[in-house]
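To keep things clear, I will list the structure first and then write my remarks on it.
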Amino acid sequence: MKEFGYQRVLDVPGAVALLGAEPDARYLGGGTNLVDLMKTGVERPGLLIDVRDLPLDRIEATEDGGLHIGATVTNSDLAAHPEVRGRYPALTQAVLAGASGQLRNMATVGGNLLQRTRCGYFTDTAKPCNKRVPGSGCPAIEGEHHNHAILGASAHCVATHPSDMGVALSAFDAVVTYETADGPGELPLSEFYLPVGDTPHLETALPAGALITGVTLPPAPVATVSRYRKVRERASYAFAIGSVAAALDVQDGTVRDVRLAFGAVASRPWRALTAERLLTGGPATAEAFAAAADAELAAAEPLPDNAYKVTLMRNLVTAVLTELTEEAAR
Ligand SMILES: Cc1cc2nc3c(=O)[nH]c(=O)nc-3n(C[C@H](O)[C@H](O)[C@H](O)COP(=O)(O)OP(=O)(O)OC[C@H]3O[C@@H](n4cnc5c(N)ncnc54)[C@H](O)[C@@H]3O)c2cc1C
Ligand code: SF4
């Protein structure tokens, strides 16, 4: 492992200035992803700037009735927060579906959004990988890809984004806030992750050196009846092979409002807007849910070993929306 420096920072402008002065520095959240990647040589920073003492560890109500979640809030504190549990239950469920208790105690909101793909070629520096070494190729397409993307991928990369939290945040229209040397900025999560195209190494639209300061959730009454369902290859401590964050408002058998986002099927949390449009104003029936899932998944371009995800996602959407319909009727 390459030698590196370590420095704690206590204020946001100081953190941004330090990163600006040290081009090979990285912000350090809980370190649960970055340090693993440093051990394997995928990441080789010269300096770690520990952001955990920054005053970004609060969850606060916004004036319009939403929530602002600081970037250094741990996954555990986020999942346990009463306002999150009560108003955005799918977010609590998504966070609790990820990693382990110990990891969630360390992992931060900012780090979770920026965690890297779990593609085995990306983490193995002996292999080519366009995301790690641009132009070196994508061996996953002809090789091991059973848990790779079916939506929005390209001939240059078929990796998925591993975050569970991000899927629920996407369903609820989260906005990422950040700070740069030129001042603060914000990005809707829908614009935060870049399309893969021929530049899979460029993952987000964050300006260079930006420090994520938090995530803002707009008010979403529909989110009170919401659920996150994750399918994985073992019951705990595993990444998703497919997941759904869903929220539903049904009145007199008609869908008044619906939110739907998919995980583990694309390079980013996949907001299922086509399905949402089809469902809104229509009947809340299993047939309608399946048809909406089919419409969303019509864009899928599976590889030989991950075509199962199309059926998996269709069944997940149908089951979760049916459960939410029953919950709303109680
Ligand atoms: C065994 C294991 C199982 C896991 N299972 C799951 C799972 O099932 N689901 C899931 O979603 N996740 C899972 N994870 C991933 C885990 O959730 C992430 O490692 C974690 O959320 C990353 O947060 P962190 O604060 O530790 O980030 P770090 O490792 O500290 O940082 C990750 C990246 O974010 C950058 N960064 C951190 N904070 C900021 C900031 N404020 N501004 C700008 N950049 C920043 C860092 O520079 C780095 O590039 C698992 C991890 C492990 C090790
Ligand atoms: S899928 Fe992406 S991350 Fe995996 S080998 Fe191909 S380019 Fe690399």
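Atoms within a ligand are numbered from 1 in the order they appear, just like the ligands themselves. In what follows, residues are counted from 1 in the order of the sequence shown.
In terms of protein heavy-atom proximity, atom 1 (S) of ligand 2 is nearest to Val158 N, 3.3 Å. What sits closest to atom 9 (N) of ligand 1 on the protein, heavy atoms only, is Asp164 OD2, 2.7 Å. The protein atom (non-hydrogen) at minimum distance from atom 15 (C) of ligand 1 is Gln115 OE1, 3.2 Å. For atom 13 (C) of ligand 1, the closest heavy atom belonging to the protein is Phe239 CE2, 3.2 Å. Taking atom 27 (O) of ligand 1 as the reference point, the nearest protein heavy-atom neighbour is Gly111 CA, 3.3 Å. Remark: minimum distance from atom 45 (C) of ligand 1 to any protein heavy atom is reached at Leu114 CD1, 3.7 Å. Closest protein heavy atom to atom 24 (P) of ligand 1: Gly30 N, 3.5 Å. Closest protein heavy atom to atom 22 (C) of ligand 1: Thr32 OG1, 3.4 Å. Of all protein heavy atoms, the one lying nearest to atom 42 (N) of ligand 1 is Ile212 N, 2.9 Å.
Here the shortest heavy-atom distance to atom 17 (O) of ligand 1, taken over Val167, Asn112, Thr213, belongs to Asn112. Summarising the contacts of atom 31 (O) of ligand 1 with Thr108, Leu34, Ile49, the nearest heavy atom is found in Leu34. With Tyr237, Tyr178, Tyr27 as candidates, the residue nearest to atom 36 (N) of ligand 1 on a non-hydrogen basis is Tyr27.
Between Ala210 and ligand 1, a contact under 3.5 Å exists for no N or O pair. For ligand 1, the polar-atom distance check against Val51 finds no nitrogen or oxygen pair separated by under 3.5 Å. Residue-to-ligand polar distances keep Leu211 apart from ligand 1: every N/O pair is separated by 3.5 Å or more. Polar contact check, Gly29 against ligand 1: a nitrogen or oxygen pair lies under 3.5 Å apart. Note: an N/O pair closer than 3.5 Å links Lys230 and ligand 1 by distance alone. Residue Asn33 has at least one N or O atom closer than 3.5 Å to an N or O atom of ligand 1. Every N/O-N/O distance between Met165 and ligand 1 stays at or above 3.5 Å. Among the atoms of Ala99, some N or O lies under 3.5 angstrom from an N or O of ligand 1.
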Q: Would you please test Asp257 and Leu248 for side-chain contact (heavy atoms from CB on, under 4.5 Å) and show each step?
A: CA-CA 6 Å; Asp257 197 359; Leu248 193 63; over 6 Å; no

Q: Begin with the C-alpha distance, continue with both residues' side-chain angles, and end with the deciding distance and a verdict on side-chain contact (heavy atoms from CB on, under 4.5 Å) for Leu114 and Thr204.
A: CA-CA 8 Å; Leu114 291 180; Thr204 76; 3.7 Å; yes

Q: Show your reasoning for whether side-chain contact (heavy atoms from CB on, under 4.5 Å) applies to Ile141 and Leu303.
A: CA-CA 7 Å; Ile141 291 172; Leu303 294 162; 4.3 Å; yes

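The His156 neighbourhood of ligand 2 comprises atoms 7 (S), with distances under 4.0 Å to a heavy atom of that residue. Close contacts of ligand 1 with Gly98, meaning ligand atoms under 4.0 Å from a residue heavy atom, involve 7 (C), 8 (O), 9 (N). Applying the 4.0 Å criterion to heavy atoms of Ala107 picks out, from ligand 1, the atoms 20 (C), 21 (O), 23 (O), 24 (P), 25 (O), 26 (O). Distances below 4.0 Å separate heavy atoms of Leu103 from the following atoms of ligand 1: 1 (C), 2 (C), 3 (C), 52 (C), 53 (C). If you number the atoms of ligand 1 from 1 as listed, the ones under 4.0 Å from a heavy atom of Ser163 come out as 11 (O). Taking every non-hydrogen atom of Gly31 and a distance limit under 4.0 Å, the qualifying atoms of ligand 1 come out as 24 (P), 26 (O), 28 (P), 29 (O), 30 (O).
By the criterion of a heavy-atom distance under 4.0 Å, the backbone of Pro162, and not its side chain, is placed next to ligand 1. Here Asp36 has side-chain heavy atoms under 4.0 Å from ligand 1, and that is the only part of it that gets that close. Contact annotation: for Ser100 versus ligand 1, there are no heavy atoms closer than 4.0 Å.
Proximity of Leu260 to Val317: side-chain heavy atoms (C-beta onward) are separated by under 4.5 Å at one or more points. In this structure, the side chains of Pro269 and Tyr193 come closer than 4.5 Å at one or more pairs of heavy atoms. When side chains are defined from C-beta on, Phe192 does not count as touching Arg268, because their heavy atoms never get closer than 4.5 Å. Within the 4.5 Å cutoff, the side chain of Arg58 has no heavy atoms near those of the Val73 side chain. Residues Leu189 and Val176 have side chains in contact (heavy-atom distance under 4.5 Å, counting atoms from C-beta outward).
Not one N or O on the side chain of Thr160 forms a donor-acceptor pair closer than 3.5 Å with the backbone of Pro162. No donor-acceptor pair closer than 3.5 Å links the side chain of Asn33 to the backbone N or O of Gln115. The backbone N or O of Pro128 sits nowhere less than 3.5 Å from a side-chain atom of Ser136 that would complete a donor-acceptor pair. With hydrogens and angles ignored, the 3.5 Å screen pairs no side-chain donor or acceptor of Thr199 with any backbone N or O of Leu202. Asn130 contributes a side-chain N or O that, together with a main-chain N or O of Gly135, makes up a donor-acceptor pair within less than 3.5 Å. The backbone N or O of Leu113 sits less than 3.5 Å from a side-chain atom of His161, completing a donor-acceptor pair. Under a 3.5 Å cut-off, the side chain of Tyr27 and the backbone N or O of Gly110 do not form any donor-acceptor pair. Here the side chain of Arg26 pairs no donor or acceptor atom with the backbone of Glu43 at under 3.5 angstrom.
Residue Ala238 places a heavy atom under 4.0 Å from ligand 1. Within the structure, ligand 2 lacks Lys127 among the residues with a heavy atom less than 4.0 angstrom away. Residue Arg118 places a heavy atom less than 4.0 Å from ligand 1.
Salt-bridge annotation for Glu276 and Arg259: absent, with no side-chain N of the basic residue lying under 4.0 Å from a carboxylate O of the acidic one. Under the 4.0 Å criterion applied to side-chain N and carboxylate O atoms, Arg52 and Asp57 are not assigned as salt-bridge partners. Ion pairing between a basic and an acidic side chain is recognised when a charged N comes within 4.0 Å of a carboxylate O; Glu323 and Arg229 show such pairing.
Listed by chain and number, Cys129 SG are the protein N/O/S atoms closer than 2.8 Å to atom 8 (Fe) of ligand 2, with waters left out.
The two residues Ile212 and Leu56 make their nearest non-hydrogen contact at O-CD1, 4.1 Å. When all heavy atoms of Ala210 and Tyr178 are compared, the closest pair comes out as CB-CD1, 3.9 Å. For the pair Ala25 and Leu19, the tightest heavy-atom approach, listed with the atom from each and the gap, is O-CD1, 3.6 Å.
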